[in-house]
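Working notes for the structure below.
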Amino acid sequence: MRSKVTGAQRWVVKIGSALLTADGKGLDRAAMGVWVEQMVALHEAGVELVLVSSGAVAAGMSRLGWTVRPSAMHELQAAAAIGQMGLVQAWESSFAEHGRHTAQILLTHDDLSDRKRYLNARSTLRALVELKVIPVINENDTVVTDEIRFGDNDTLAALVANLVEADLLVILTDRDGMFDADPRNNPDANLIYEARADDPALDAVAGGTGGALGRGGMQTKLRAARLAARSGAHTIIVGGRIERVLDRLKAGERIGTLLSPERGLLAARKQWLAGHLQTRGTLVLDAGAVTALSKGNKSLLPVGVKLVQGSFRRGEMVVCVAPDGREIARGLANYSALEAQKIIGQSSEAIVGLLGYMAEPELVHRDNLILV
Ligand SMILES: Nc1ncnc2c1ncn2[C@@H]1O[C@H](COP(=O)(O)OP(=O)(O)O)[C@@H](O)[C@H]1O
Ligand SMILES: N[C@@H](CCC(=O)OP(=O)(O)O)C(=O)O
């Protein structure tokens with residue numbers, strides 16, 4: 001039983017080109033339908049889902065009748081632009097059969113290293129997840145060259161897992177998981193069931209690049225698992241053609257390769273928070289709140305805040321200072337600056353009356369607080 005998998009609340013599911021296109025013969029709509037059914041079941045069970053789908057180049061190639069992946073960048077980009085239409089159309093119609101809406105998001109790695117774009121992408125994705133819509137993400141291949149050349153959506157999926165603070169990254173691929181040698185050339189290779197993502201021994205086994213359609217191979221999947229581990233996510237690399245693969249993962253069955261982060265979700269998440277977000281405002285605490293945070297490891301309640309400065313939205317990072325201006329902690333605000341202004345000094349029970357709704361009783365939850 002894999003409790004880290006069965007208990008995961010937020011999943012990023014990444015599906016590679018080789019799988020989606022039935023090895024180059026256009027989009028495999030039947031297979032897509034089967035994954036969609038399972039994703040809908042996960043959704044119904046309360047799992048929050050983000051889908052990262054490759055396959056634009058491969059789908060475009062098949063629409064154009066090309067059998068060999070082009071090497072010219074502009075041809076690859078054109079194929080991706082053509083194929084992306086069919087790709088999102090296929091996901092949309094398949095999810096719609098189950099009454100689920102989808103949303104297209106095209107991202108580049110650069111978008112996620114630019115602070116402002118990172119925050120925008122994050123809040124859009126959060127809003128979509130809250131609306132119970134399934135975001136379907138791919139690279140924005142028109143404006144990048146390196147990513148499309150290396151065909152590496154594994155890294156993108158890991159960055160997305162960081163972005164949405166996923167508990168689990170599921171990489172569906174054309175093999176049953178990561179083997180101790182490339183199964184293409186080693187028929188006796190054994191499946192690795194569990195490992196730590198940072199285990200250096202994995203570098204040797206993940207050698208080799210991918211197939212004719214996808215390009216990344218196991219190396220990029222291992223790198224993705226290490227990247228996802230930075231924000232505390234577990235990664236599963238598993239065969240997308242395994243019958244009812246997602247259902248079985250959810251049920252805790254030991255299929256695929258589980259790569260675990262070196263630290264727990266909370267510790268990793270806090271480090272991630274500390275390093276990656278700009279602060280947008282300041283909360284001036286009263287003496288009682290300072291003690292509750294720094295000595296009691298408590299959440300910050302609105303009642304302990306005297307003043308709100310700056311302009312921040314829900315989910316953005318704020319600095320918490322003592323009455324004398326000394327920084328005590330940083331954390332993600334559950335309310336915007338405007339909302340916070342209305343609820344400070346009040347008990348959490350008063351929030352509904354003051355705002356008309358309550359997101360959370362805390363202004364900053366302790367899981368999202370880093371003490372300085
Ligand atoms: N140790 C390994 N275990 C499993 N597969 C491996 C390994 N090393 C290399 N590979 C190759 O990686 C391929 C999957 O990568 P890729 O073609 O990029 O797939 P995707 O399109 O799903 O991202 C497999 O078909 C396999 O041949
Ligand atoms: N973004 C492009 C390339 C992505 C790609 O090849 O990734 P993958 O198959 O996951 O290794 C596409 O959708 O075709």
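Counting from 1, the numbers follow the sequence of the chain as shown. Atoms within each ligand, like the ligands themselves, are counted from 1 in listed order.
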Check: [X] N/O within less than 3.5 Å of ligand 2 N/O:
X: N138; value: yes
X: D152; value: no
X: V57; value: yes
X: E139; value: yes
X: S17; value: yes
X: G16; value: no
X: K14; value: yes

inquiry  = Would D154 count as a polar contact of ligand 1, with the cut-off being nitrogen or oxygen pairs under 3.5 Å?
reply    =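 No - when backbone and side-chain N and O of D154 are compared with those of ligand 1, no distance drops under 3.5 Å.
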key: Under 3.5 Å: N/O of D180 near N/O of ligand 1   =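 No, D180 has no N/O under 3.5 Å of an N/O on ligand 1.
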inquiry  = Contact between ligand 2 and A80 is defined here as a heavy atom of the residue under 4.0 Å from a ligand atom; is it met?
reply    =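 For ligand 2, residue contact (heavy atoms, under 4.0 Å) with A80 is absent.
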request  = Enter the distance from N153:CG to L159:CG here, rounded to the nearest 0.5 Å.
outcome  =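 Output value for this atom pair is 10.5 Å.
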L202 CG to R196 CZ distance, which is reported to the nearest 0.5 Å =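 So the gap between those two atoms works out to 11.0 Å.
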ask   = Under 3.5 Å, side chain of S94 to main-chain N/O of A90, donor-acceptor pair present?
value =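 Not confirmed, S94 side chain does not pair with A90 backbone.
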If we only count heavy atoms from C-beta on, is the [X] to [Y] side-chain gap below 4.5 Å?
X: R100; Y: E44; value: yes
X: D182; Y: M218; value: no
X: W35; Y: L20; value: yes

inquiry  = Heavy-atom count check: over 12 atoms from other residues, nucleotides or ligands less than 6.0 Å from E253 CD?
reply    =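 Above 12, so yes.
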For [Y], is there an ion pair with [X] - N to carboxylate O distance below 4.0 angstrom?
X: D203; Y: R226; result: yes
X: D154; Y: K221; result: yes
X: E165; Y: R126; result: yes

request  = Answer side chain, backbone, both or neither: which part of K221 comes under 4.0 Å from ligand 1, heavy atoms only.
outcome  =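 The answer is the side chain of K221.
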task = Measure from atom 1 (N) of ligand 1 to every heavy atom in L20, V205, I192 and give the option owning the shortest one.
result =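 That would be V205.
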key: Winner among D174, T257, L222, I237 once heavy atoms are compared against atom 14 (C) of ligand 1   =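 Among D174, T257, L222, I237, the closest heavy atom to atom 14 (C) of ligand 1 comes from D174.
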key: Atom indices of ligand 1 within 4.0 angstrom of K14 heavy atoms, with elements   =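 Those of ligand 1 that fall under 4.0 Å from K14 are 23 (O).
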message = Using a 4.0 Å cutoff against the non-hydrogen atoms of P183, which atoms of ligand 1 qualify?
response =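 Reading through ligand 1 atom by atom, the close ones are 2 (C), 3 (N), 4 (C), 5 (N), 6 (C), 7 (C).
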ask   = Of all the heavy atoms in L19, does at least one lie under 4.0 Å from an atom in ligand 1?
value =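 It does not; every heavy atom stays at 4.0 Å or beyond.
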inquiry  = In this structure, does ligand 1 have an atom that sits under 4.0 Å from one of the heavy atoms of A189?
reply    =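 No, that is not the case, since the closest heavy atom of the residue is not under 4.0 Å from the ligand.
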task = Could you check E130 against R314 for salt bridge (Lys or Arg N to Asp or Glu O under 4.0 Å), going step by step and ending with a plain yes or no?
result = CA-CA 13 Å; E130 272 171 35; R314 169 174 158 77; 3.6 Å; yes
